[in-house]
Protein chains: 2
Amino acid sequence: MKISASIATTRDIAVMAGVNQSTVSRALAGSSRIGARTTKKIWKACRTLNFVPNAIARGLRERRSRTLAVHIPFGAETVLADPFIPEFLAGVSQEAGRRGYAVILSYPDPERCGNEFVNLVKSRRADGIIITTSLRQDPRFALLARERIPCVVARQDVRLGAMMACVDIDNREIGCDAVRYLLTQGHQRLGIITGKVDSLAAYDFLAGCRDALRERGLRVRDARIKQAPVTFQAAYEATRKIMAERPAPDAILANTALTIFGVLAAIRDAGKTITAMGIDSPLLRGLYPELPRIQSPILELGKTMTATLIEMLTTGRRPESETMLRARIVPRA
Amino acid sequence: MKISASIATTRDIAVMAGVNQSTVSRALAGSSRIGARTTKKIWKACRTLNFVPNAIARGLRERRSRTLAVHIPFGAETVLADPFIPEFLAGVSQEAGRRGYAVILSYPDPERCGNEFVNLVKSRRADGIIITTSLRQDPRFALLARERIPCVVARQDVRLGAMMACVDIDNREIGCDAVRYLLTQGHQRLGIITGKVDSLAAYDFLAGCRDALRERGLRVRDARIKQAPVTFQAAYEATRKIMAERPAPDAILANTALTIFGVLAAIRDAGKTITAMGIDSPLLRGLYPELPRIQSPILELGKTMTATLIEMLTTGRRPESETMLRARIVPRA
DNA sequence: TTGAAAGCGCTAACAT
DNA sequence: ATGTTAGCGCTTTCAA
């Protein structure tokens, strides 16, 4: 019985197949100029020895690890509850796996510095970074540009470094489409709950809302707009305040998967029946199937960011333009 | 201006500090027998050259990558929505980071085979695996044992391999405590919604429920027990069925963070006011602050599994016993 | 206390 | 079509 089934090296394969070690390497890499007979012998040896190539050795030699890091720099409370995260990670993981890349997870540790994620690349553990921050003027971006870290980011108001690409969901369009939809449905006085303005997502979303309001000849200040942290509690409180204003809103719009639940709870507790519209999630769909929703392509976002990063790592150049993903409005049932 | 700030090697440091490359290596490893003056020079050179050690090279030499993989083998729909995941990953990531380990994410790709996670270790990308499956008789376990993969798993009914350790939340205790609590509160006819029996979590949870029922002299069949997939819809339907039975239940208990919402929706739609009790989450706490809840130590589970795996990798031996984490009952507000 | 040298397992340039 | 050889950047004997 074999003691250990997994320490076979290309050398062992070479010995068993009676060829040179570099021939093994070539055969496994799919080089064309290898004899059919030799190839067969090599593959057989691989199977019997249960060979799996040592990715570390390959990485050292090739100077890349075929691994990418995904950094999720939210505040602690959001990180633990946002339904965005599992779906996004699944997208990243699937696309990376399909292309032979592994994924390193880089959560921020609230206790620590928070910039170690660049070291994942500098230490060659990862070839590039996917970073989901939505902060405006995030200091991380200067760092990434300065260190020349290949990365894909959500759209930013900063100049992109040479190895930075942009993929995002078009939040401005979301805001615009959502407001248009609600107005079309006959709603007159909208309440809008967004994250704080230091979030680019909230900023863009609001800009889109304003576009749609103006388009209909409505003054922006006719809408009740509240900016609150992306937590259940904050959204709840903001909604209560909006509902207390006169004239009272007849529809409320929220721009994150989490806050819409705070909105709904506040509406319920006030005993009102106001239409609420928010980002779709399995839970929202289940709890309030009748409500209109914004379907954000989170899985696709993860996949596209990943594909873009790998493309950039492969070609060595960043794409000419940003990629903007479209969300979809799911009308009231 | 430096073209690239991050390709410095120990050799470069050595040249700059005027010492041998191996001296640099020793100094950085914190070897005691290095002159104070030399150490100082080396550190200075590291700072000016912006040195970050190449983890790949070190991994090749040390034959370990100081990286661990976390594998999340749920069904697709659950993976995308389960609030368990972000919190668990945060726990893993924090503990790993604190100990100088990186974390590789291994989601299953529904399209693919699903056993590639063992290759993460065989290819030396990871030193060990954290695996969160809760399936009874999961075939993965035989595989992990056969391949001698160091891993930490949730408690299983299988014999553990030499390098397998167990850390789990005590689901039996949860079931027992929850039923006891509801009975103490004066509820007489419990409905219980769990995942399917092929889930060990559901199995143990039910066993605990039975313990508590018997303890009070109640027959198990007096409780309405429904086993449904861990999805919103399934829980909703199961709850409707339970509520239709006679005598009708006066409290319903659910054992996952997701299903409780299906239960609550069904109760709401039926226009009843039945107590529901489920696993705590920020959303549940926000939406129904008055309900009793089961507080599962998910973050701690992630941390403990990680600590256990690293301990095992360091010592080379698995711990003598399983670790069981306790959940806490949060009473009705 | 430090230097010299070997080698982890792989790829690739150069020979044959 | 295949063999030879030289490293990738680090840790770790073995000498001095």
Side-chain angles (χ1 to χ4, degrees), chain A residues 4 6-43 45-46 49-67 100 102 119 121-127, chain B residues 4 6-43 45-46 49-67 100 102 119 121-127:
Chain A
S4 168
S6 60
I7 56 160
T9 71
T10 47
R11 223 191 122 126
D12 301 326
I13 306 297
V15 169
M16 175 170 263
V19 298
N20 188 280
Q21 180 265 340
S22 61
T23 305
V24 174
S25 177
R26 276 186 290 245
L28 295 175
S31 167
S32 48
R33 307 183 310 227
I34 298 283
R37 230 183 98 68
T38 312
T39 305
K40 195 158 291 179
K41 276 192 301 184
I42 287 173
W43 278 107
C46 287
L49 291 184
N50 227 314
F51 174 72
V52 176
N54 184 320
I56 299 296
R58 177 205 293 222
L60 178 61
R61 173 65 225 220
E62 288 192 324
R63 300 158 128 197
R64 61 180 175 144
S65 50
R66 288 175 206 263
T67 299
N119 281 0
V121 171
K122 300 183 76 178
S123 71
R124 303 279 176 191
R125 277 212 229 242
D127 298 333
Chain B
S4 169
S6 60
I7 56 159
T9 71
T10 47
R11 225 190 119 123
D12 301 326
I13 306 297
V15 170
M16 175 171 264
V19 297
N20 187 280
Q21 180 264 341
S22 60
T23 304
V24 174
S25 176
R26 276 186 288 243
L28 295 176
S31 166
S32 48
R33 307 182 309 226
I34 299 284
R37 229 181 102 68
T38 313
T39 306
K40 195 158 289 179
K41 277 191 301 185
I42 288 173
W43 278 107
C46 287
L49 291 184
N50 226 314
F51 174 73
V52 177
N54 185 320
I56 300 297
R58 177 205 291 223
L60 179 59
R61 174 63 224 224
E62 288 193 324
R63 300 160 125 188
R64 62 179 173 145
S65 51
R66 288 174 205 262
T67 298
N119 282 1
V121 170
K122 297 183 77 177
S123 71
R124 304 277 176 192
R125 277 211 228 242
D127 299 333

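Just so we're on the same page: letters track the sequence lines, and every chain starts at 1.
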How close do [X] and [Y] get, counting heavy atoms only, and between which atoms?
{"X": "Thr38(B)", "Y": "Ile34(B)", "result": "CB-CG2, 4.1 Å"}
{"X": "Ile56(A)", "Y": "Arg124(B)", "result": "CG1-O, 3.2 Å"}
{"X": "Arg66(A)", "Y": "Asp127(A)", "result": "N-OD2, 2.8 Å"}
{"X": "Phe51(B)", "Y": "Thr9(B)", "result": "CE1-C, 3.6 Å"}
{"X": "Arg125(A)", "Y": "Gly100(B)", "result": "NH2-O, 3.7 Å"}

Tell me if a side-chain donor or acceptor on Thr39(B) pairs with a main-chain N or O of Gly35(B) at a distance below 3.5 Å.
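Between the backbone of Gly35(B) and the side chain of Thr39(B) there is a qualifying donor-acceptor contact (under 3.5 Å).
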Contact interval (first through last nucleotide) of DNA chain C with protein chain A, 4.0 Å heavy-atom
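Boundary nucleotides touching chain A, in 5' to 3' order, are dG9(C) to dA13(C).
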Which whole-number value in Å describes the distance from [X] [atom1] to [N] [atom2]?
{"X": "Ile34(A)", "N": "dG3(D)", "atom1": "CD1", "atom2": "P", "value": "9 Å"}
{"X": "Ile42(A)", "N": "dA1(D)", "atom1": "CD1", "atom2": "P", "value": "13 Å"}
{"X": "Ile7(B)", "N": "dG9(D)", "atom1": "CD1", "atom2": "P", "value": "8 Å"}
{"X": "Lys41(A)", "N": "dT2(D)", "atom1": "NZ", "atom2": "P", "value": "8 Å"}

Compute the angle between the rotation axes at the two ends of the helix from dT1(C)-dA16(D) to dT16(C)-dA1(D), each taken over five pairs, rounded to 10 degrees.
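That helix has its two terminal axes inclined by roughly 40°.
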What residues, two or more places apart in sequence or in another chain, satisfy side chain to side chain donor-acceptor pair (under 3.5 Å) together with Arg61(A)?
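With sequence neighbours excluded, Arg61(A) shows a side chain to side chain donor-acceptor pair (under 3.5 Å) to no residue whatsoever.
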Can you name the residues that form a side chain to side chain donor-acceptor pair (under 3.5 Å) with Arg58(B), not counting sequence neighbours?
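Arg58(B): no side chain to side chain donor-acceptor pair (under 3.5 Å) contacts found.
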Let me have the donor-acceptor pairs involving side chains of residues 13-25 of chain B, under 3.5 Å, with sequence neighbours excluded, atom names and distances please.
| unit_1 | atom_1 | unit_2 | atom_2 | d |
| --- | --- | --- | --- | --- |
| Asn20(B) | OD1 | Ser22(B) | N | 2.8 |
| Asn20(B) | OD1 | Ser22(B) | OG | 2.8 |
| Gln21(B) | NE2 | Thr10(B) | OG1 | 3.0 |
| Ser22(B) | OG | Arg26(B) | NH2 | 3.4 |

Would you classify Arg58(A) as touching base, sugar-phosphate or nothing, given that sugar-phosphate means primed atoms plus P, OP1 and OP2, and contacts are heavy atoms under 4.0 Å?
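Since only primed, P, OP1 and OP2 atoms lie under 4.0 Å of Arg58(A), the category is sugar-phosphate.
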By the 4.0 Å heavy-atom rule, please label Ser31(A) as base, sugar-phosphate, or nothing.
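Result for Ser31(A) = nothing.
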List every contact pair, protein side and nucleotides 6-8 of chain D side both N or O, where the distance is under 3.5 Å.
| unit_1 | atom_1 | unit_2 | atom_2 | d |
| --- | --- | --- | --- | --- |
| dG7(D) | N2 | Arg61(A) | NH1 | 3.2 |
| dC8(D) | O2 | Arg61(A) | N | 3.4 |

Would you say dC10(D) has OP1 or OP2 under 4.0 Å from some side-chain N or O of Ser25(B)?
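Negative; the distance criterion is not met.
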Just wondering, do Leu28(B) and Cys46(B) contact through their side chains at under 4.5 Å, heavy atoms?
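Yes, close enough: below the 4.5 Å cut-off.
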Nearest nucleotide by nearest heavy atom, which residue falls closer to the 5' end of DNA chain C, Ile56(A) or Ala36(B)?
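Here Ala36(B) is the residue nearer the 5' end.
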Nearest 0.5 Å, please: how far is CG in Asn50(B) from CD1 in Ile7(B)?
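The CG atom of Asn50(B) is 12.0 Å from CD1 of Ile7(B), to the nearest 0.5 Å.
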